Amino acid sequence: PAKQSAKDYIFGKVIGEGSFSTVYLAKDIHHSKEYAIKVCEKRHIVKELKVEYVKQEKEVLNILNSNQNKTAPFFVKLYSTFQDNERLYFVLSYAKNGELLPYINKVGSFDIQCTRFYGAEILRALEHLHSLGIIHRDLKPENILLDERMHVQITDFGSAKILDDKPRPQPRRRDGEQSSWQRRNSFVGTAQYVSPELLTEKSVSKSSDLWALGCIIYQMVAGLPPFVARSEYLIFQKIIKLEYEFPDGFEPKAKDLVQKLLVLDSTNRLGAKDIGNYTSVRSHHFFAGLDFETLYKQTPPPIY
Ligand SMILES: NC(=O)Nc1ccc2c(c1)=C(Cc1cc(-c3cccc(C(=O)NCCN4CCCCC4)c3)c[nH]1)C(=O)N=2
């Protein structure tokens, strides 16, 4: 196929802003299909030494594209990439209903049906991602999108880590740019959802995404994340001391599940010792009665 360029698209409104990218709603002029195009300024990512992050995101999206799971298609797709002198372009799925966060803010808190359904879809997405040896590392309601049928589409793999069980030639780096092992020590996700092990040992594992899942389930029920404070430093202090509370009336089964995910020792979190699917999370009584294998075929419960 002919190499694409920005001229093949009509760019519309900005639908997302990252520290190193802007995401536009765009329409393909040949087929009138809508996409989300993530645009990165080359000069900015080079200046901020983020070239490796952009490469990592493309690699993760390509791995996801080549290993699609028909029963758990809970990720944005990468359709194509192209560049011009100033910018890199990633043509991604357009998730018409946007981020999960505005829905939580709009209704204040989800009822248990919604919390169970969306908690289950996020868990299924993590099962697939982790089965490919990929850790998201920045899972949060802003990176959980909702497609036209209100099913989950996880995005933003710029902070993801590919577990290196296969030795690969290290890519040549520009002077001063950090390699992935050096970078690992500098990366921290979004304060409210970052795991204690990342703060104390600079280590990360699949279980770090389970910590973020615990924070997101808490937030769907309570309306706010468990660790909130006036500054990132104070949030980090609360996380490493496991200093959080459940509001009165927090649904008891959801509370028990959150307490089993928000465990300081990453090896003792529910699911941390599971091989393959997170069966010990799936079998928690909060998810009783849910069919995890047909989630994508189900009609999501209304959010109100
Ligand atoms: N960092 C990233 O990788 N960011 C990305 C990547 C891919 C991508 C991405 C972000 C997308 C973000 C997105 C944003 C939106 C959007 C933006 C603004 C408004 C709306 C909107 O009004 N949606 C209707 C639903 N509202 C939501 C709030 C409650 C009332 C109803 C959607 C739709 N999709 C997307 O569709 N595809």
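Counting starts at 1 for both ligands and their atoms, following the listed order. Computed from a predicted structure; not experimentally measured.
For atom 21 (C) of ligand 1, the nearest protein heavy atom (residue, atom name, distance) is Lys96 O, 4.5 Å. Among protein heavy atoms, the minimum distance from atom 31 (C) of ligand 1 is reached at Tyr103 OH, 3.8 Å. Ranking protein heavy atoms by distance to atom 34 (N) of ligand 1, first place goes to Ala95 O, 2.8 Å. Atom 16 (C) of ligand 1 has as its closest protein heavy atom Gly98 CA, 4.0 Å. Here the heavy atom of the protein found nearest to atom 29 (C) of ligand 1 is Lys106 CD, 3.6 Å. The nearest heavy-atom contact from the protein to atom 28 (C) of ligand 1 is Pro102 CB, 3.5 Å. Summary of contacts: the protein heavy atom closest to atom 7 (C) of ligand 1 is Thr155 OG1, 3.5 Å. Nearest protein neighbour of atom 19 (C) of ligand 1, counting heavy atoms only, is Lys13 NZ, 4.1 Å.
To the nearest 0.5 Å, atom NZ of residue Lys140 and atom CG of residue Asp156 are 7.0 Å apart. For the atom pair OG1 (Thr115) and CD1 (Ile112), the distance works out to 4.5 Å, reported to the nearest 0.5 Å.
Taking the centre and axis of the six-membered ring of Tyr94, the NZ or CZ atom of Lys96 falls outside the cone set by 45° and 6.0 Å.
Checking only distances, Lys38 does come within under 3.5 Å of ligand 1, N or O to N or O.
Between His128 and Phe75, the angle of the ring planes lies from 30° to 60°, which puts this pair in the tilted group. In this pair, Phe110 and Tyr118 present their aromatic rings tilted. The plane angle is within the 30 to 60° band.
The nearest protein heavy atom to atom 25 (C) of ligand 1 is closer than 4.0 Å.
One option in Leu145, Ile303, Val76, Asp156 has a heavy atom closer to atom 1 (N) of ligand 1 than any other, and that option is Asp156.
Residue-level proximity to ligand 1 for Ser93 is carried by the backbone, the only part with a heavy atom below 4.0 angstrom. Only side-chain heavy atoms of Val23 come within less than 4.0 Å of ligand 1; its backbone N, CA, C and O stay farther off.
Using a 4.5 Å heavy-atom cutoff, the side chains of Tyr296 and Arg124 are not in contact. For the pair Val204/Glu197, no side-chain contact is recorded, criterion being any heavy-atom separation below 4.5 Å from C-beta on.
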>> Show, in sequence, the C-alpha distance, side-chain angles and deciding distance for Phe250 and Tyr218, and conclude whether the ring pair (Phe, Tyr, Trp, His ring centres under 6.0 Å) test is met.
In response: CA-CA 9 Å; Phe250 197 99; Tyr218 177 102; 5.3 Å; yes
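In this structure, Ala36 counts as a contact residue of ligand 1, since one of its heavy atoms falls inside 4.0 Å of the ligand. Distances shorter than 4.0 angstrom do not occur between any heavy atom of Gly18 and any atom of ligand 1.
More than 12 heavy atoms of other shown residues, nucleotides or ligands fall within 6.0 angstrom of atom NZ in Lys3.
Checked against Val76 for a side chain to side chain contact (heavy atoms under 4.5 Å, CB included), the options Asp147, Leu64, Thr155 give a single hit: Thr155.
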